[in-house]
Structures are given as structure tokens and as C-alpha cells.
Amino acid sequence: MTNDIYGPFPGGPAFLAALTDGQRARLEQLGANLDVVERRIAAACQAAGRSRDEVTLIVVTKTYPAEDSALLAGLGVTDVAENRDQDAAPKAELCANLPLDWHFVGQLQTNKVRSVVRYANRVHSVDRLRLVDSLSAAVLKAERPELGCLVQVALEKEAGLGQGRAGVAPSEVAELADAIAAAPGLRLDGVMTVAPLVGPLTGDPAAAFARLAEISTAVRASHPAATMVSAGMSGDLEQAVAAGATHVRVGTAVLGVRSPLG
């Protein structure tokens with residue numbers, strides 16, 4: 001595979017000329033899927049009385065190769081997300097010349113923090129004070145710009161369930177948000193959640209995302225700049241947009257179902 005697709009200028013005749021037949025076919029597939037997702041987001045925004053530019057699409061490229069990330073950049077995608085550093089770090093390095101904004105959305109162990117801060121512009125999954133301290137120290141040591149951080153909210157914990165799941169209970173959000181806002185090198189951007197798998201909100205993404213919107217409003221009362229609400233995936237992005245999500249994280253609906261990396 002030629003390295004020409006990795007930048008620095010994706011898209012256009014030179015980009016297309018660098019593609020193999022297989023890459024061109026994959027580009028067409030990704031483009032078609034993107035069109036469908038874009039129409040869904042636009043329709044959801046219209047139904048909610050929101051402007052389309054209020055919602056950012058983050059394509060979740062986890063388990064898929066760097067080649068897909070480069071092709072997505074060629075299609076105009078600017079935001080991509082990963083959930084495992086061992087997959088993300090080499091992809092981000094290979095795509096370093098592309099205009100991609102990397103988001104880390106998975107559970108983050110402190111021993112991976114130094115690596116993640118090398119490429120991620122935002123971490124959506126901050127869920128404990130120790131992680132705040134580790135991220136702050138790593139950002140300062142790397143002498144990089146501020147790292148955007150979101151508090152990951154585990155909505156099921158409000159009902160005393162899901163204790164092993166990543167994220168903090170709604171009652172713990174304020175403390176963690178304050179810690180992020182006060183940490184050198186970090187910027188509190190907002191809140192994130194995944195629709196709960198247990199508890200009273202299970203199977204009701206509209207109610208779950210409405211609860212996240214309430215939590216976001218409470219956070220913004222103390223931190224007005226923390227306006228980001230990261231919620232919604234391939235199956236429930238419409239409900240997330242209706243509840244006020246500013247960023248939706250979509251993987252399968254864009255990348256399709258294929259044999260991913262192991």
C-alpha cells in the first residue's frame with residue numbers, strides 16, 4: 001500500500017490517484033455510509049429545531065485500520081475516536097499529517113496516559129480523580145496544549161447498579177468536574193455517557209440522554225464553558241440529538257460490518 005494517502009493533503013485528484021482499486025472501493029463504501037449518517041443527523045436536528053452545525057460527528061474507528069482513517073479524512077471527516085491506546089497510538093502516528101482530531105473514548109488506565117496525551121485532543125472517559133492527576137502531569141511534562149476532558153457519567157449508578165462499569169454516578173459529577181477544571185493543563189469540556197445496560201433507563205435512550213442533559217446543565221452552572229455533551233451512537237443518535245447532544249460517536253453505521261483488526 002502506498003503511503004501517499006496519509007497526507008498531508010487528503011482528497012482531490014492526487015489523493016484519488018494514489019488509491020488502489022480496493023482502497024477506491026472502500027472509499028466509495030465509506031462515502032455512501034457517511035451520506036446516510038449525515039442525512040440522519042440533519043433530519044434529527046431539523047426535528048429538534050436545531051441547526052445542523054450544532055452537532056459534530058465523531059467517527060469511531062476502533063478496531064479498524066489506519067487506512068480507513070486516512071480514507072475518512074479524504075472524505076472530509078475531521079473527528080475520529082479510539083478506545084484502546086495500543087490500537088490508537090500507531091494509527092495516530094501514521095496519520096499525523098492528516099487534519100484529524102483524535103478523541104479517546106475508552107476506559108483509560110493510568111499507565112497509558114503518557115501515550116494518549118501524545119495524540120488525543122480530547123479524552124471523553126475521565127471517571128476518577130487519580131486519572132485527572134495523571135492526565136495533568138502528563139500534559140505538563142509533554143509541554144503540549146491543554147487537553148480537553150469530559151466527565152464520563154454512568155447513569156445506571158444512580159440506581160445503585162453497574163458498579164463495575166466505567167463512569168461516575170451523577171452525584172459524583174460535580175466533584176470530578178471541579179477537579180478537571182482546576183487541574184493544570186486540562187480543560188473541562190463537558191460530559192459524556194453511553195446508554196445504560198441495566199437499571200430503569202435501560203432500553204430508553206431518550207430518557208437516558210435527557211438525564212445527561214440535566215447533568216450537563218448543572219455542570220455548566222459552575223463551568224459555563226463546559227458545553228460539550230457527548231452522547232449517541234449508531235443506533236440511538238436521533239434520541240441523543242433530540243436531547244441536546246453536541247457530539248455523536250458513530251462507528252458501525254459509517255464503517256459497516258467487516259472483518260476488523262484483531
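Here, residue 1 is the first one in the sequence, and each next residue gets the next number.
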Does one hydrophobic cluster hold both [X] and [Y], with members joined at side-chain heavy-atom distances below 4.5 Å?
| X | Y | result |
| --- | --- | --- |
| L150 | V80 | no |
| I5 | Y64 | yes |
| V60 | M192 | no |
| V168 | M228 | no |
| L129 | V219 | yes |

Check the pair S115, D85 against side-chain hydrogen bond (donor to acceptor under 3.5 Å, both in side chains), reporting the backbone distance first and the verdict last. CA-CA 7 Å; S115 177; D85 175 66; 2.8 Å; yes
Counting heavy atoms not belonging to [X], are there more than 12 under 6.0 Å from its [atom1]?
| X | atom1 | answer |
| --- | --- | --- |
| E93 | CD | no |
| N111 | CG | yes |
| Q86 | CD | yes |
| E214 | CD | yes |
| R114 | CZ | no |

Do the side chains of [Y] and [X] get nearer than 4.5 Å, heavy atoms only?
| X | Y | result |
| --- | --- | --- |
| L27 | L16 | yes |
| V105 | S125 | no |
| I58 | V248 | no |
| L34 | L72 | yes |
| V151 | I180 | yes |
| Q107 | Q152 | no |
| T110 | R128 | yes |
| V37 | N33 | no |

With distance as the sole test, does [X] use its side chain to make a donor-acceptor pair with the main-chain N or O of [Y] at under 3.5 Å?
| X | Y | answer |
| --- | --- | --- |
| S136 | V132 | no |
| R52 | V55 | yes |
| R249 | S230 | yes |
| E175 | E172 | no |
| N83 | G106 | no |
| R144 | V117 | yes |
| T193 | V153 | yes |
| K157 | R165 | yes |

Heavy-atom closest contact ([X] atom, [Y] atom, distance):
| X | Y | value |
| --- | --- | --- |
| V126 | L131 | CA-CD2, 3.9 Å |
| C95 | W102 | CB-CZ2, 3.9 Å |
| G167 | D127 | N-OD2, 3.3 Å |
| K91 | S69 | CD-OG, 4.2 Å |
| Q23 | T20 | OE1-N, 2.9 Å |
| L57 | E38 | CD2-OE2, 3.9 Å |

Provide the full list of salt bridge (charged side-chain N to carboxylate O under 4.0 Å, His left out) pairs with a residue in residues 189-206, sequence neighbours left out, each pair given once. R122-D189, R187-D189
Do the side-chain N and O atoms of [X] and [Y] include a donor-acceptor pair separated by under 3.5 angstrom?
| X | Y | answer |
| --- | --- | --- |
| Q29 | R26 | yes |
| T56 | D79 | no |
| R130 | S134 | no |
| R220 | T227 | no |

Quick one: sort the H103 and H247 rings into parallel, tilted or perpendicular, breaks at 30° and 60°. tilted
Please walk me through it: do L186 and L147 pass side chain to side chain contact (heavy atoms under 4.5 Å, CB included)? CA-CA 5 Å; L186 305 186; L147 176 70; 4.1 Å; yes
State which residue, out of L71, V59, D35, fulfils the side chain to side chain contact (heavy atoms under 4.5 Å, CB included) condition with L30. L71
As a test of understanding, state which of T202, L201, V198, V194 forms a side chain to side chain contact (heavy atoms under 4.5 Å, CB included) with L155. L201
Using 0.5 Å steps for rounding, measure from the [atom1] atom of [X] to the [atom2] atom of [Y].
| X | Y | atom1 | atom2 | answer |
| --- | --- | --- | --- | --- |
| N121 | E146 | CG | CD | 12.0 Å |
| N97 | Y6 | CG | OH | 12.0 Å |
| E28 | L75 | CD | CG | 10.0 Å |
| R84 | K62 | CZ | NZ | 10.0 Å |

Once side-chain hydrogen bond (donor to acceptor under 3.5 Å, both in side chains) is applied, do any residues pair with T61, and if so which ones, sequence neighbours excluded? E82
